[in-house]
Amino acid sequence: MLRFEVGPDDLLHSRFALSPAMDLASVLRRLAGFDRHPGTRPSLDRLRPAFERLRRETELDAVLALQYARGGPNFIALPPQGLAQTWADDLAATRATSLRQARAEIADCLRRRPTEDSRVLAILRSRNVVERIAEAQDAAWHELIAPDWPQLRAICERDVVHRAGLLARSGWAAALDGLHPEVAWRDGGIDVRPLDSGRISLDGDGLLLIPSAHIWPGLAAYSDSPWPKALIYPARGVAALWERQPPTAPDALADLLGRSRARLLLALDDPASTTQLARSLGLATGAVGDHLAVLLRAGLVRRARDGRSVLYGRTPLGDALARSL
């Protein structure tokens, strides 16, 4: 069991971030067979033809050759800076890696999992290896992740809103409740049961918490440089997304409110902004705003400001209506 020891200053310095590169790494590892989780197979089956084509048409095999049973190189997924992190930010960070650093990490990965593939070795030994790996990752991102990313990012953002509120109001125990079955707050620390044993002090620097769209049903922890101490966990709502298609609004509710408003009402199990709802449901932001205004006037939703965002949630009347039809 891994244990993060939490001190008095760690709450102040803990923060949330998003990492598109980590989600890409999770997908690539699973498609390549490194992480096997039966619950994710239907969603991965949809991506497999594109994955196999990328292996034929790009230098993606060089990226895959750097993966091993318990990890991979740091420079393909560097620590995110915050919630505004984009794939362009991650790609720029990878491209900024020095050749010396890349070669050191590549050598370490190949010691852990040697390869005799001459084509792959030629890429990994080349002077422009960083750019070639970045290009292969960029192609994989746009083929495998980008089409779904607006919806997945919205799910991750909603998770952050939910957990940040719990952490600020009620502390670590509340924020970690339901984060993952193998994560728990106990006696002033965070226990992560399925990972390597050891005790890691946060040293007042706090913990970087990263909701992920693709790591479900697993999780990961980081404590080695250049990463800050971090926990990557499945965002709330991702499991239902991968297990089945999102439920459609019941006919009676759709007849009463209109199908789009009914979908919005059902989507507000947790507070969300107009932009997050638009991304999650594939609707135009302006249309979502108009529909929310109608639901607000009807007393079915309420709104509250959270920093720069305005979040909408169901009222008790909205809850009763959503659950009764």
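Hydrogens, waters and symmetry mates play no part in the numbers below; they use all other heavy atoms, side chains included. Here the structure is a predicted model, which is why all the values come from computation and not from measurement.
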Asker: Any chance you could lay out the side-chain contact (heavy atoms from CB on, under 4.5 Å) test for Asp10 and His13, step after step, and finish with the verdict?
Answerer: CA-CA 5 Å; Asp10 291 311; His13 294 107; 5.7 Å; no

Asker: If you group Ile, Leu, Val, Met, Phe, Trp and Tyr by side-chain heavy-atom gaps below 4.5 Å, do Leu124 and Leu99 land in one group?
Answerer: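 Yes.
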
Asker: Do you know which two heavy atoms are closest between Ala213 and Cys156, and how far apart they sit?
Answerer: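 Heavy-atom minimum between the residues: N-SG, 3.9 Å.
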
Asker: Identify whether Leu64 and Tyr68 are in the same connected component of the hydrophobic contact network (ILVMFWY, side-chain heavy atoms under 4.5 Å).
Answerer: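 No, separate clusters.
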
Asker: Can Arg119 and Glu59 be counted as an ion pair, charged N to O under 4.0 angstrom?
Answerer: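 Salt bridge between Arg119 and Glu59, a charged N being under 4.0 Å from a carboxylate O: no.
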
Asker: Decide yes or no on side-chain contact (heavy atoms from CB on, under 4.5 Å) for Thr94 and Gln137, but give the supporting numbers first.
Answerer: CA-CA 10 Å; Thr94 293; Gln137 285 189 280; 3.9 Å; yes

Asker: Measuring from Arg314:CZ to Leu266:CG, what's the distance to the nearest 0.5 Å?
Answerer: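 Answer rounded to 0.5 Å: 6.5 Å.
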
Asker: The test is side-chain hydrogen bond (donor to acceptor under 3.5 Å, both in side chains); show your working for Gln81 and Asp89 and say whether it passes.
Answerer: CA-CA 9 Å; Gln81 298 303 304; Asp89 296 328; over 6 Å; no

Asker: Can you check whether Leu207's main-chain N or O pairs, donor with acceptor, with Ser14's side chain at less than 3.5 Å?
Answerer: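 Yes, because the side chain of Ser14 sits within donor-acceptor range (under 3.5 Å) of the backbone of Leu207.
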
Asker: Is there a donor-acceptor pair under 3.5 Å between the side chain of His214 and the backbone N or O of Val27?
Answerer: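 No, His214 side chain to Val27 backbone: no donor-acceptor pair under 3.5 Å.
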
Asker: Would you say Trp172 and Arg186 make side-chain contact, with heavy atoms under 4.5 Å?
Answerer: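 They are not in contact (no side-chain heavy atoms under 4.5 Å apart), so the answer is no.
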
Asker: How close do Phe4 and Ala230 get, heavy atom to heavy atom, and via which atoms?
Answerer: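 Taking Phe4 first and Ala230 second, the nearest heavy atoms are CZ-O, 4.0 Å.
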
Asker: Got a second to check how far Glu131's CD is from Asp138's CG, nearest 0.5 Å?
Answerer: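 These two atoms lie 9.0 Å from each other.
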
Asker: Nearest 0.5 angstrom please: Leu176 CG to Ile190 CD1, how far?
Answerer: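 Here the interatomic distance stands at 5.0 Å.
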
Asker: Can you tell me how far CG of Asp23 sits from OG of Ser212, rounded to the nearest 0.5 angstrom?
Answerer: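 Here the interatomic distance stands at 3.5 Å.
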
Asker: Please tell me if the side chains of Thr285 and Leu277 come closer than 4.5 Å, counting only heavy atoms from C-beta onward.
Answerer: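 They are not in contact (no side-chain heavy atoms under 4.5 Å apart), so the answer is no.
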
Asker: Answer yes if the side chains of Ser126 and Asn128 hold a donor-acceptor pair under 3.5 Å, and no otherwise.
Answerer: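 Checked: Ser126/Asn128 side chains pair up, N/O donor to acceptor below 3.5 Å.
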
Asker: What I'd like to find out is whether the side chain of Ile210 reaches to under 4.5 Å of the side chain of Phe16, using heavy atoms alone.
Answerer: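 No. Closest side-chain heavy atoms not under 4.5 Å.
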
Asker: Taking Arg163 for its side chain and Ala175 for its backbone only, find out whether a donor-acceptor pair lies under 3.5 Å.
Answerer: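 Judged by distance alone, yes, a pair lies under 3.5 Å.
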
Asker: Ignoring hydrogens and angles, tell me if any N or O in the side chain of Thr58 forms a donor-acceptor pair with the backbone of Arg55 under 3.5 Å.
Answerer: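 Checked: no pair found.
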
Asker: Which distance, rounded to the nearest 0.5 Å, do you find between the CG of Leu300 and the CG of Leu257?
Answerer: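 The distance works out to 6.5 Å.
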
Asker: When rounded to the nearest 0.5 angstrom, what distance separates CG in Leu144 from CZ in Phe51?
Answerer: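 Output value for this atom pair is 8.0 Å.
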
Asker: What are the two closest heavy atoms between Ala102 and Val130, and how far apart are they?
Answerer: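 Heavy atoms of Ala102 and Val130 come nearest at CB-CG2, 3.5 Å.
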
Asker: A side-chain contact here means heavy atoms from C-beta on lying under 4.5 Å apart; do Val6 and Trp185 qualify?
Answerer: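 With C-beta onward as the side chain, the pair touches.
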
Asker: So do Ile232 and Leu219 actually touch side chain to side chain, heavy atoms under 4.5 Å?
Answerer: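 No, their side chains stay 4.5 Å or more apart.
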
Asker: Please name the pair of heavy atoms, one in Arg263 and one in Leu283, separated by the smallest distance, quoted to 0.1 Å.
Answerer: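 Scanning both residues completely, I find the closest heavy atoms to be NH1-CD2, 4.0 Å.
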
Asker: Would you say the side chain of Leu295 lies within less than 4.5 Å of the side chain of Tyr312, judging by non-hydrogen atoms?
Answerer: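 Heavy-atom side-chain distance check fails, nothing below 4.5 Å.
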
Asker: Between Arg153 and Glu157 (salt bridge meaning N to carboxylate O under 4.0 Å), is one present in this structure?
Answerer: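 Result for this pair is yes, salt bridge flagged.
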
Asker: Going through the checks in order, is the side-chain contact (heavy atoms from CB on, under 4.5 Å) test met by Leu179 and Asp177?
Answerer: CA-CA 6 Å; Leu179 185 145; Asp177 183 38; over 6 Å; no

Asker: When you look at Lys229 and Leu208, which way does the side-chain contact (heavy atoms from CB on, under 4.5 Å) test go after all the steps?
Answerer: CA-CA 6 Å; Lys229 298 175 181 68; Leu208 183 63; over 6 Å; no

Asker: Can you tell me if Arg30 uses its side chain to pair, donor with acceptor, with the backbone of Ile215 under 3.5 Å?
Answerer: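 Yes, the answer is positive, given that a donor and an acceptor are paired below the 3.5 Å cut-off.
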
Asker: Can you find a pair of side-chain heavy atoms, one from Leu121 and one from Thr115, that are under 4.5 Å apart?
Answerer: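 Side-chain contact under 4.5 Å: yes.
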
Asker: Set out, in order, the CA-CA distance, both residues' side-chain angles and the distance that settles ring pair (Phe, Tyr, Trp, His ring centres under 6.0 Å) for Trp149 and Trp141, then state yes or no.
Answerer: CA-CA 10 Å; Trp149 186 244; Trp141 168 266; 5.4 Å; yes

Asker: So do His291 and Leu265 actually touch side chain to side chain, heavy atoms under 4.5 Å?
Answerer: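 Leu265 vs His291: side chains apart.
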
Asker: When hydrophobic residues are tied together by side-chain contacts of less than 4.5 Å, even through go-betweens, does Leu78 share a cluster with Leu91?
Answerer: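 No, because Leu78 and Leu91 fall into different hydrophobic clusters, even though each may have its own neighbours under 4.5 Å.
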
Asker: Would you say Arg95 has more than 12 foreign heavy atoms packed within less than 6.0 Å of its CZ?
Answerer: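 More than 12 heavy atoms, drawn from other residues, nucleotides or ligands, come within 6.0 Å of this atom.
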
Asker: For residues Arg236 and Ile155, report the shortest heavy-atom separation together with the two atoms involved.
Answerer: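 Distance-wise, the nearest heavy atoms are O-CG2, 3.2 Å.
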
Asker: Look at the side chain of Arg48 and the backbone N and O of Leu31, then say whether any donor-acceptor pair between them is shorter than 3.5 Å.
Answerer: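 Here the side-chain-to-backbone pair exists.
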
Asker: Is Leu66 linked to Ile123 within one hydrophobic cluster, defined over Ile, Leu, Val, Met, Phe, Trp and Tyr using a side-chain heavy-atom separation of less than 4.5 Å?
Answerer: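 No: no chain of side-chain contacts under 4.5 Å links Leu66 to Ile123.
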
Asker: Do the side chains of Leu264 and Val294 join up, straight or via other hydrophobic residues, at under 4.5 Å, putting them in one cluster?
Answerer: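 As far as the 4.5 Å side-chain criterion goes, Val294 and Leu264 are not connected within one cluster.
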
Asker: Could you give me the CA-CA distance, side-chain angles and deciding distance for Arg103 and Glu105, then say whether salt bridge (Lys or Arg N to Asp or Glu O under 4.0 Å) is met?
Answerer: CA-CA 5 Å; Arg103 282 185 167 167; Glu105 293 186 18; over 6 Å; no

Asker: Can you name the closest pair of heavy atoms from Ala21 and Asp90 and give their distance?
Answerer: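 The answer is N-OD2, 2.9 Å.
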
Asker: Does Arg46 come within less than 4.0 Å of Asp148, counting only side-chain N to carboxylate O?
Answerer: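 The answer is yes: the pair qualifies as a salt bridge.
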
